K.L.:
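Quick one: the structure is below, and I'll ask about it shortly.
Reckoned from all heavy atoms, side chains included, excluding hydrogens, waters and symmetry mates. Because the structure is predicted, anything quoted here is derived from the model rather than measured.
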Amino acid sequence: MKAFKWSFIIAIFAYLYLPIGILVINSFNASKYGYEWKGFTFEWYAKLWENEALTQAFLNSLLVASLAATAATLIGTLMALALHRYRFPLKATASSLLFIVMMSPDIVLAITFLVIFIALGIQLGFWSLLIAHITFCLPFVVITVYAQLKGFDKYLLEAAQDLGASESRIFRLIILPLVFPAIVAGWLLSFTLSLDDVIISSFVTGPSFEILPIRVFSMVKVGVSPEVNVLATLLLAISLFLVTLSTLLLRRKH
Amino acid sequence: MIKLPALLAAVLMAMSTALHAEEKLVVYNWAEYIPESTVADFEKETGIKVEYSTYENNEVMYSKIKLQKGKGYDIVVPSAYLVSKMRQEGLLQKIDKTKLTNLKNLSPDLLDKPYDPGNGYSLPYLWGSTGIGVNSKEIDPSTITSWADLWDEKWQGKLLLTDDVREVFHMALKKNGFSTNSTNPDEVKVAYEDLQKLMPNVLVFNADAPREPFMAGDVNLGMIWSGEVIMAQADNPDIHYVFPKEGAGFWVDSFVIPVGAENVESAHKFIDYMLRPEVGQKVVEELGYSTPNAAAKALLSEELQNNPVIFPSAEIMKTAEFQNDIGDAMKLYDGYWEKLKTGE
């Protein structure tokens with residue numbers, strides 16, 4: 001039984017991480033297509049360094065993803081608080097409208113955004129892209145934070161009110177620390193969603209602002225180059241670093 | 001302190017004049033489908049700043065241009081069937097040929113085709129073909145000469161087809177002696193019924209990169225694009241390319257100027273630049289696709305010039321039929337296509 005448990009765990013992890021491992025290995029593979037090992041090389045790293053268009057798209061993607069995630073987290077957290085704490089007309093409608101955004105196929109949102117931006121005369125580029133990304137990230141933040149809010153003991157808030165704490169104090173000292181993990185999770189989720197998105201982005205961005213996923217998908221015409229493996233490896237290294245850092249920080253705190 | 005606003009104003013003015021002084025060109029194309037150094041050289045020579053934007057398929061490009069009514073981009077590079085569609089929908093503007101000094105370099109083989117008679121709206125950039133790929137380690141390439149050979153029962157569960165309605169129907173239409181642009185329901189039905197017979201042989205439909213399963217050794221026979229063969233051969237010389245005797249599929253990507261382009265002058269300069277022989281030569285050397293530029297071809301090495309994958313013989317070119325927009329008949333194809341893939 002124990003052997004089964006371990007082989008199952010190993011199988012799951014292999015399934016999850018083997019492809020990533022192969023990608024990392026191929027970023028050092030001298031063969032352009034990676035079907036066989038043709039020697040160790042840093043060639044693709046050097047090439048990526050020179051590939052201005054690809055690195056620029058990468059930086060643009062990081063910029064939009066972090067801004068969109070931050071804005072969506074701010075707005076989404078406030079929205080979740082409102083849905084949780086206050087009663088207002090059409091509250092149920094407001095929360096189900098969020099689900100509609102979440103459940104709509106990307107292509108529907110993409111066309112909707114494009115039509116609206118054109119109708120409003122907003123030039124396609126950085127701003128249109130950012131607005132669209134904030135919009136489709138928003139429901140994910142609201143739902144993550146709202147679930148956390150629903151989970152905690154409401155007597156905590158009543159006790160605080162009883163003891164004369166002001167609204168802002170309750171927020172700062174009780175609500176915020178309790179939902180903080182959900183806020184972080186919402187931010188990370190938004191960041192990933194924004195970084196991944198192809199369909200909506202390809203419709204709402206303009207020529208002045210190109211992002212990574214579009215560029216990578218567009219490479220199918222002439223063949224995706226190994227520089228993309230390198231880029232993915234770097235991204236992986238960055239996220240590993242961030243995850244490790246946050247674990248260490250959290251551990252010190254407790 | 002009083003000086004600050006004045007200074008600010010001066011800076012702003014300098015910035016705005018700098019912005020106005022700089023000529024711009026917005027190119028909408030596949031990533032790396034024009035070598036980056038070529039774009040950089042063009043910028044250096046002309047002082048025109050190029051914004052290079054990319055799309056991942058013809059349809060995304062088309063919907064974006066269509067919804068923006070042809071505004072926002074100065075140069076686009078659609079495939080032939082879309083050139084005819086966009087031209088008919090008034091999304092393209094006429095190319096002013098008096099502004100082009102290098103027009104004479106283009107080979108007449110690829111001009112004046114039905115998708116744009118007289119080339120009023122488009123000039124070819126690169127082209128290629130869809131034929132049969134064979135791994136010579138497993139199959140003798142000389143035994144495969146036609147599309148009909150793929151129907152042989154011995155290939156059961158072995159073939160790769162491209163995941164493209166028009167290309168797959170091209171194969172069956174040509175096998176039965178019809179045009180690849182047929183809109184005759186009877187002919188399309190015959191092709192469909194023939195394809196049904198082919199289905200047991202099909203292992204996989206590949207949308208992005210047919211070379212990959214060939215290189216991985218998963219398939220040894222099937223449809224493939226000429227450019228993909230050139231890429232694959234760099235790593236695995238066993239992969240051969242056959243022009244089926246009924247006629248390979250041909251596609252061409254062309255430069256067009258959308259009707260709402262803002263930098264029409266720069267767009268013409270860019271097209272003219274791309275038509276230079278030495279630029280065309282560099283494009284072929286970097287990308288491995290075929291150039292319609294006869295003067296550029298003459299500059300290439302003997303080896304490239306005589307590579308039949310890149311430059312098929314005059315005989316093959318004479319019968320080459322390019323894909324055209326087929327309008328409403330597309331629905332008919334799509335219906336059959338769905339049935340084929342769901343195995344009805």
K.L.:
Within this structure, what is the CE-OG distance for the pair B:M61 and A:S218, rounded to the nearest 0.5 Å?
P.N.:
11.0 Å
K.L.:
Hey, is CZ on A:F217 packed in by over 12 heavy atoms from elsewhere, all under 6.0 Å?
P.N.:
no
K.L.:
Might you confirm whether atom CD of A:E52 has over 12 heavy atoms from other residues, nucleotides or ligands at distances under 6.0 Å?
P.N.:
no
K.L.:
Please flag which part of B:D74 lies under 4.5 Å from any non-hydrogen atom of chain A: side chain, backbone, both or neither.
P.N.:
neither
K.L.:
Could you go through A:R215 and B:Y52, starting from their C-alpha distance and side-chain angles, then the distance that decides it, and tell me whether this counts as side chain to side chain contact (heavy atoms under 4.5 Å, CB included)?
P.N.:
CA-CA 11 Å; A:R215 188 134 193 125; B:Y52 192 97; 4.1 Å; yes
K.L.:
Roughly how far apart are A:L124 CG and B:S53 OG, rounded to 0.5 Å?
P.N.:
10.0 Å
K.L.:
Does any backbone or side-chain atom of A:L114 lie under 4.5 Å from a heavy atom of chain B? Answer side chain, backbone, both or neither.
P.N.:
side chain
K.L.:
Can you tell me how far CZ of A:F203 sits from CD of B:Q68, rounded to the nearest 0.5 angstrom?
P.N.:
11.0 Å
K.L.:
Indicate the atoms forming the closest heavy-atom contact of A:S202 with B:K64, along with that distance.
P.N.:
O-NZ, 3.0 Å
K.L.:
For B:Y33, is it the side chain, the backbone, both, or neither that has a heavy atom closer than 4.5 Å to a heavy atom of chain A?
P.N.:
both
K.L.:
With a 4.5 angstrom heavy-atom cut-off, which part of B:L287 approaches chain A: side chain, backbone, both or neither?
P.N.:
side chain
K.L.:
Give a yes or no on this: more than 12 heavy atoms of other residues, nucleotides or ligands lie within 6.0 Å of atom CZ of A:F241.
P.N.:
no
K.L.:
Please state whether the side chain, the backbone, both or neither of B:E212 comes within less than 4.5 Å of a heavy atom of chain A.
P.N.:
both
K.L.:
Tell me the closest heavy-atom pair linking B:T54 and A:I214, and the distance in Å.
P.N.:
O-CG2, 3.4 Å
K.L.:
Top residue by heavy-atom pair count (under 4.5 Å) with chain A, among B:K71, B:R211, B:E228?
P.N.:
B:R211
K.L.:
Within a 6.0 Å radius of atom CD on A:Q123, are there more than 12 heavy atoms belonging to other residues, nucleotides or ligands?
P.N.:
no
K.L.:
Counting only heavy atoms closer than 4.5 Å, note whether B:A216 contacts chain A via side chain, backbone, both or neither.
P.N.:
both
K.L.:
Does any backbone or side-chain atom of A:I199 lie under 4.5 Å from a heavy atom of chain B? Answer side chain, backbone, both or neither.
P.N.:
neither
K.L.:
Should we count CH2 of A:W37 as having more than 12 external heavy atoms under 6.0 Å?
P.N.:
yes
K.L.:
Looking at every non-hydrogen atom in both residues, tell me the closest pair between B:G72 and A:P207 and how far apart they are.
P.N.:
O-CG, 3.9 Å
K.L.:
So for B:N57, is it side chain, backbone, both, or neither that comes closer than 4.5 Å to the heavy atoms of chain A?
P.N.:
neither
K.L.:
Kindly indicate, with the supporting measurements, whether the criterion side chain to side chain contact (heavy atoms under 4.5 Å, CB included) is fulfilled by B:E36 and A:N51.
P.N.:
CA-CA 9 Å; B:E36 270 181 40; A:N51 192 335; 3.1 Å; yes
K.L.:
Are there more than 12 heavy atoms of other residues, nucleotides or ligands under 6.0 Å from atom CD of B:E262?
P.N.:
no
K.L.:
For A:V115, is it the side chain, the backbone, both, or neither that has a heavy atom closer than 4.5 Å to a heavy atom of chain B?
P.N.:
side chain
K.L.:
Is the number of heavy atoms from other residues, nucleotides or ligands under 6.0 Å of B:K69 NZ greater than 12?
P.N.:
no
